[in-house]
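Here the structure is a predicted model, which is why all the values come from computation and not from measurement.
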Amino acid sequence: MTIKPKKLILNLLKGATEPVATQVFVKACRLFDISENSTRVGLARLASEELIETVERGFYRLGPNANVLADELFHWRSMEEKLCTWDESWIAVYLGNLGRRDKTSLRRRDRVLKLNGFGELEQGLVVRPNNIVGGAGYVRDRMYKLGLETEAIVFQLADLDQSRITKAMALWDAKSLNNNYQNSIDNMEAWMQKSEADPEVAARESFLLGDQALHDLAYDPLLPKELVDVALRKKFLKTMIRYDEVGKTIWYNLYQSCKLPS
């Protein structure tokens, strides 16, 4: 698996509680066969895009253009707390009034919709179960914040006919989601059993496995118990929390000498 320096740098900063030194990025990227020059080029490009910013010479933190997504990712531990009992209504987004020629806007729109668990019910109309605390209003504000065009109409949808209810219920692959929860649990548990091996190997493996798990969490549709195994999802989340603590300890111990000077 090829890791790009920009992705590794951003992921390290998302999990950092203090500014990170250039030498930390250089050492971390070296674990993935990324050269020092490529690492420094990645830092420069991220800085020019305001995804990162310098605190003082040689130390970085997330920049203003990365803070919205980072804020979302920081709350993955409490994702289950955002959910409520499903009342069998839906949160819907009407997209039929939006343009489809701007590829950049299309990619951003699709990404925001996937991050919020929507599936296409009809052309120009996407839905998800209304099991989110705050309902359509909360989801609307969150998606606008993430970059969805404000012209998109977000609303609560109820009283669908039975054929469309059946179609909506089948928009997500529940079997695949459940299998992925279990496979991720098994992989993380197996890794934690051997995490005291070579620290550099453990650090590299923890990043690769953790990055995939975080991606899965970010794009999890957070379906209700009527559609997915919620108990298994909660077990996946609890395992991820334990795994994350082990991984952070490994990275901290590996680079604890690289701290911001007082």
salt_bridge(Arg233, Glu80) N-O dist < 4.0 Å: yes
Output, in order, the C-alpha distance, side-chain angles, deciding distance and verdict of salt bridge (Lys or Arg N to Asp or Glu O under 4.0 Å) for Lys248 and Asp244. CA-CA 6 Å; Lys248 283 181 177 178; Asp244 186 56; 3.4 Å; yes
For the hydrophobic clusters of this structure (ILVMFWY residues joined by side-chain heavy atoms under 4.5 Å, transitively), does one cluster hold both Leu13 and Val26? no
Full working for side chain to side chain contact (heavy atoms under 4.5 Å, CB included) between Lys82 and Tyr138: CA-CA 10 Å; Lys82 300 177 182 178; Tyr138 169 81; 4.2 Å; yes
Heavy-atom closest pair, residues Asp211 and Lys7: OD2-NZ, 2.9 Å
Cluster overlap Leu106 with Leu95, hydrophobic side-chain contacts below 4.5 Å: no
One should read off an interatomic distance between Met192 CE and Asn187 CG, to the nearest 0.5 angstrom, of 10.5 Å
Chi angles and distances behind the salt bridge (Lys or Arg N to Asp or Glu O under 4.0 Å) call for Glu189, Arg242: CA-CA 9 Å; Glu189 291 286 4; Arg242 289 194 293 114; 2.4 Å; yes
Over 12 foreign heavy atoms within 6.0 Å of CG, Asp161: yes
Quick check against the 3.5 Å criterion: does Ser78 have a side-chain atom that pairs as donor or acceptor with the backbone of Glu81? no
With a 4.5 Å cut-off on side-chain heavy atoms, are Met240 and Leu214 touching? yes
Same hydrophobic cluster for Leu160 and Met169, using side-chain heavy-atom links shorter than 4.5 Å among ILVMFWY? yes
Kindly state whether the ring of Phe207 and the ring of Phe32 have centres lying under 6.0 angstrom apart. yes
Hey, is Arg77 close enough to Glu245 for a salt bridge, meaning N to O under 4.0 Å? yes
Test side chain to side chain contact (heavy atoms under 4.5 Å, CB included) on Val24 and Trp251; report intermediate values, then the result. CA-CA 10 Å; Val24 172; Trp251 279 92; over 6 Å; no
Could you go through residues 121-136 and list every donor-acceptor pair under 3.5 Å that involves a side-chain atom there, pairing it with any protein atom two or more places apart or in another chain?
{"from": "Glu122", "atom 1": "OE2", "to": "Arg164", "atom 2": "NE", "distance (Å)": "3.2"}
{"from": "Arg128", "atom 1": "NH1", "to": "Asn116", "atom 2": "O", "distance (Å)": "2.9"}
{"from": "Arg128", "atom 1": "NH1", "to": "Pro221", "atom 2": "O", "distance (Å)": "2.6"}
{"from": "Arg128", "atom 1": "NH2", "to": "Asn131", "atom 2": "OD1", "distance (Å)": "2.8"}
{"from": "Arg128", "atom 1": "NH2", "to": "Pro221", "atom 2": "O", "distance (Å)": "3.0"}
{"from": "Arg128", "atom 1": "NH2", "to": "Leu222", "atom 2": "O", "distance (Å)": "3.0"}
{"from": "Asn130", "atom 1": "ND2", "to": "Ser89", "atom 2": "OG", "distance (Å)": "3.0"}
{"from": "Asn131", "atom 1": "ND2", "to": "Leu222", "atom 2": "O", "distance (Å)": "3.0"}

I'd like to check Ile91 versus Val154 (side-chain heavy atoms, cut-off strictly below 4.5 Å). Are they in contact? yes
Between Arg40 and Glu36, is there a salt bridge with N-O shorter than 4.0 Å? yes
How far does CZ of Arg204 sit from CG of Leu209, to the nearest 0.5 angstrom? 12.0 Å
Could you check if a side-chain atom of Phe118 sits within less than 4.5 angstrom of a side-chain atom of Met143, using non-hydrogen atoms only? yes
State, yes or no, whether a side-chain contact exists between Tyr60 and Val20 at a heavy-atom distance under 4.5 Å. no
Taking Tyr243 for the side chain and Gly210 for the main chain, is one N or O donor matched with an acceptor at less than 3.5 Å? yes
Of all heavy-atom pairs between Leu31 and Ala203, which one has the smallest distance, and what is that distance? CD1-CB, 4.1 Å
Taking every non-hydrogen atom, the tightest pair across Glu151 and Asn97: O-ND2, 3.0 Å
Check against side chain to side chain contact (heavy atoms under 4.5 Å, CB included), Arg109 and Arg100: CA-CA 10 Å; Arg109 184 189 309 162; Arg100 298 194 59 82; 3.9 Å; yes
Treating Ile, Leu, Val, Met, Phe, Trp and Tyr as nodes and any side-chain heavy-atom pair under 4.5 angstrom as an edge, say whether Phe155 and Val139 lie in one connected cluster. yes
Are any of the side-chain heavy atoms of Val228 and Tyr181 separated by less than 4.5 Å? yes
Can you measure from CZ (Arg45) to NZ (Lys6) and round to the nearest 0.5 angstrom? 7.0 Å
For Ser176 and Asp173, indicate whether the former's side chain and the latter's backbone hold a donor-acceptor pair under 3.5 Å. no
Do Phe25 and Pro5 have side chains that approach each other closer than 4.5 Å (heavy atoms only, starting at C-beta)? no
If hydrophobic clusters are built by linking Ile, Leu, Val, Met, Phe, Trp and Tyr wherever their side-chain heavy atoms come under 4.5 Å apart, do Ile3 and Val41 end up in the same one? no
Side-chain contact test, heavy atoms from C-beta onward, threshold under 4.5 Å: evaluate it for Leu62 versus Leu51 and give yes or no. no
Once you round to the nearest 0.5 Å, how far does CD1 of Ile9 lie from CG of Leu46? 5.5 Å
Taking the side chain as everything from C-beta on, heavy atoms only, tell me whether Leu148 gets closer than 4.5 Å to Arg108. no
Of the non-hydrogen atoms in Gly119 and Trp172, which two are nearest, and what is the gap between them? N-CZ2, 4.0 Å
Can you give me the closest heavy-atom contact between Cys29 and Thr39, atom names plus distance? CB-OG1, 3.2 Å
Side-chain donor-acceptor pair under 3.5 Å between Ser163 and Thr166, yes or no? no
Shortest non-hydrogen contact from Ser184 to Phe236? CB-CE1, 3.4 Å
Say whether Gln182 and Asn178, considering side chains only, have a donor N or O and an acceptor N or O under 3.5 Å apart. no
Approximate separation, where rounding is to 0.5 Å, of Trp86 CH2 and Leu223 CG: 9.0 Å
Please evaluate residues Arg111 and Leu115 with respect to the criterion side chain to side chain contact (heavy atoms under 4.5 Å, CB included), reporting the C-alpha separation (whole Å), side-chain torsions for both, the decisive distance (0.1 Å), and the verdict. CA-CA 6 Å; Arg111 182 169 179 274; Leu115 278 170; 3.9 Å; yes
Supply the atom-to-atom distance Ser35 OG to Arg30 CZ, rounded to the nearest 0.5 angstrom. 10.0 Å
